[in-house]
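Before any comments, here is the structure.
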Amino acid sequence: MIYKKTWLSYFLWAVYTCLTGVMLANYAILFWQKKINAVINYGTALFVVFMFGAAAGIYILVRYIFGKVREKYSMSGHTKLLWEIFIALSIFCAGLIYRVSLYLQNINSLAETSYYQLATVKAEPSAESMVHGASYLYTMCLSFILSFLGNKVAVAVWMQILIQMVTVFLAYFAVRRLAGRIPACIAMLVLALSSVYAGQILVMSPESLFFALYLAGLLIVGGCVKNVCQCRTGRWQAFWGAVLSGFIVGFLTYLDAIAVTLVIFLFSFLTGKKYRETAVSLIAGGLTFAGMLALNAYSDYTEIGKIAKAWFELYRTNASVDYLFYRTEFSVVECLVLVMLAFWLIMAFWNRRKTQNVTPWFLLLFLLAPTPLAATGVLSYQAWSVFLWGVVAGIGVQQSFVYEKDVPIKQEASVESEPVTEEEAQPEKPRFLDNPLPLPKKHEKRTMDYQYEVGKDMMKFDIEIAENDDFDIL
């Protein structure tokens, strides 16, 4: 979705600029230490400056080349869609092959985890597993699968692979719905080939399952908000869309408190001046969360106050954000490329003078992913960090191809105007076909003349006749 630029947009851009600059300098230093020289010296400072210049130079070069290409060539919407489908399917296949190869490389070193043991051994779940909804849900799903396919670690790994491949597609559709096709493809590529995220298939934790649910919620909530703000729904459809959005946010927040960040998209109702829908969605979310706590208390034969206290105590004592910068030497290269693409957004932000589409993503990035590999939440989730940096990198690439003349702005629009779609903001130039039918010849004015000239005295046609002359023919 596209919004009008306000003071908040510029403030978030300034914070993002500082954060991205620090990350780029940090990963340039790490790359120097891991790949070039372990000793930090004057060469390190020069290399950092070089990386900043390389990021800016590549951005300018790509923008210049694209500007020249777009002047000579154009692509129809149907052709763009075919290329998009081809790229998405190629990324999906590459991600699947990568995970299968990773599984085959570690097939002899697979180890059981606490969740696997809870799913196979018929024992009572621990208190933490009962309180943490995502852990309990993952354990129950894994136990259900193992009851059919047998207690094998390989079954749990293949379940993780299946969940992650579904997640890759959910990420594509969610980002495409809210940011566009280029960010969707890049975010999909990052999740498909990230060594950190793909490595979670060997861990067997609730991260992959809950991340898939989070992206499904993002797709539904973002879609409802976008339709309502653009007045594509009726009054009652908007009401029930707000109720559904609030229900999803409340349910996912019960599973893991990290899902409360979806409230950022609920507040996007305000950009379309949908105050009723904003209130309804927040109330529905609060009631759903309270209802899930009550259902948990009923199933455990205990008081809802104890369940609520245990839930809040779990996050008060265990929730944290670990500012990790790398896992392996290869992850340093991955993150360096990712941050360089995200650095483009600093400059591309100004390609649109009055509009932007990054405010919700900036807020999510600051809350959940201060670094590309930050571990957030009670279970130290890293998928959110990889995903969000992939999204802002994709938006940076997308905005690099935007020119101000491509984005018509209504002068009478207010600051809190309704968001418009990418297609409305960037209309394609019509291409008319040449008319194959022959056109009528141009009329030529002609001067009439005669062979014999008649005098004016003979140009008299009124002949006088007698009154009784009726021209009777006998």
Side-chain angles (χ1 to χ4, degrees), residues 15 19 113-115 117-118 123-141 196 200 203-215 217-218 221 245-267 281-325 360 362-388:
V15 177
L19 177 63
T113 63
S114 58
Y115 298 102
Q117 294 174 355
L118 286 172
E124 292 296 330
S126 62
E128 181 175 340
S129 298
M130 289 296 296
V131 173
H132 189 246
S135 299
Y136 181 74
L137 178 63
Y138 174 76
T139 304
M140 294 299 101
C141 292
V196 176
Q200 295 295 325
V203 177
M204 290 174 287
S205 69
E207 178 175 359
S208 297
L209 176 61
F210 182 69
F211 185 51
L213 295 176
Y214 182 92
L215 291 179
L218 178 64
V221 172
S245 300
F247 171 80
I248 291 174
V249 173
F251 175 73
L252 293 179
T253 302
Y254 166 76
L255 295 181
D256 195 293
I258 200 174
V260 76
T261 53
L262 290 175
V263 173
I264 293 174
F265 290 91
L266 293 183
F267 280 110
S281 61
L282 294 176
I283 293 173
L287 292 177
T288 302
F289 178 76
M292 293 304 301
L293 291 178
L295 183 62
N296 192 353
Y298 176 79
S299 62
D300 290 347
Y301 302 100
T302 185
E303 298 178 358
I304 186 173
K306 294 182 179 180
I307 294 296
K309 182 178 179 180
W311 191 90
F312 286 104
E313 186 67 19
L314 169 68
Y315 292 97
R316 188 185 68 84
T317 56
N318 297 315
S320 62
V321 179
D322 297 330
Y323 302 98
L324 301 177
F325 292 99
F362 278 169
L363 293 174
L364 286 177
L365 187 76
F366 300 154
L367 291 174
L368 301 178
T371 68
L373 296 180
T376 309
V378 296
L379 297 180
S380 299
Y381 296 145
Q382 288 186 293
W384 278 259
S385 302
V386 175
F387 168 70
L388 291 174

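When reading the values below, keep in mind they use all heavy atoms of this one structure, side chains included, and skip hydrogens, waters and symmetry mates. Being a predicted model, the structure only gives us computed values, none of them experimental.
Here the OG1-CE distance, from Thr253 to Met292, works out to 11.0 Å after rounding to the nearest 0.5 Å. One finds the CD atom of Glu207 at 11.5 Å from the OG atom of Ser135 (value rounded to the nearest 0.5 Å). The CG atom of Leu215 sits 10.0 Å away from atom CZ of Phe210, with the distance rounded to the nearest 0.5 Å. To the nearest 0.5 Å, the span separating CD1 on Ile258 from CG on Leu252 amounts to 11.5 Å. Atoms CG and CG, on Leu218 and Leu213 in that order, are 12.5 Å from each other to the nearest 0.5 Å. Between the CG atom of Leu137 and the OH atom of Tyr254 there is a distance of 10.0 Å, given to the nearest 0.5 Å.
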Quiz item: Could you walk me through whether Leu363 and Thr261 pass the side-chain contact (heavy atoms from CB on, under 4.5 Å) check?
Solution: CA-CA 9 Å; Leu363 293 174; Thr261 53; over 6 Å; no

Exercise. Report the C-alpha distance between Tyr214 and Asp256 in whole Å, list the side-chain angles of each, state the deciding distance to 0.1 Å, and finish with yes or no for side chain to side chain donor-acceptor pair (under 3.5 Å).
Key: CA-CA 10 Å; Tyr214 182 92; Asp256 195 293; over 6 Å; no

Quiz item: Where do Asn296 and Trp311 land on the side-chain contact (heavy atoms from CB on, under 4.5 Å) test, with the steps shown first?
Solution: CA-CA 11 Å; Asn296 192 353; Trp311 191 90; over 6 Å; no

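Minimum heavy-atom separation, Gly217 to Ile248: CA-CG2, 3.7 Å. The two residues Ser385 and Ala374 make their nearest non-hydrogen contact at OG-O, 2.7 Å. Heavy-atom minimum distance, Leu314 versus His132: CD2-CB, 3.8 Å. Annotation for Ala369 and Leu388: closest pair CB-CD1, 4.2 Å, computed over non-hydrogen atoms.
Considering only heavy atoms from C-beta on, Val249 stays 4.5 Å or farther from Thr288 through its side chain. Proximity of Leu266 to Ser245: side-chain heavy atoms (C-beta onward) are separated by under 4.5 Å at one or more points. Inter-residue side-chain proximity for Phe265 and Leu364 is flagged as met; some heavy-atom pair is nearer than 4.5 Å. Considering only heavy atoms from C-beta on, Lys309 stays 4.5 Å or farther from Lys306 through its side chain.
With hydrogens and angles ignored, the 3.5 Å screen pairs no side-chain donor or acceptor of Tyr138 with any backbone N or O of Leu209.
Shown here is Phe366, whose CZ atom has more than 12 heavy atoms of other residues, nucleotides or ligands within 6.0 Å.
Checked against side chain to side chain contact (heavy atoms under 4.5 Å, CB included), Ala290 has no partners two or more places apart in sequence or in another chain.
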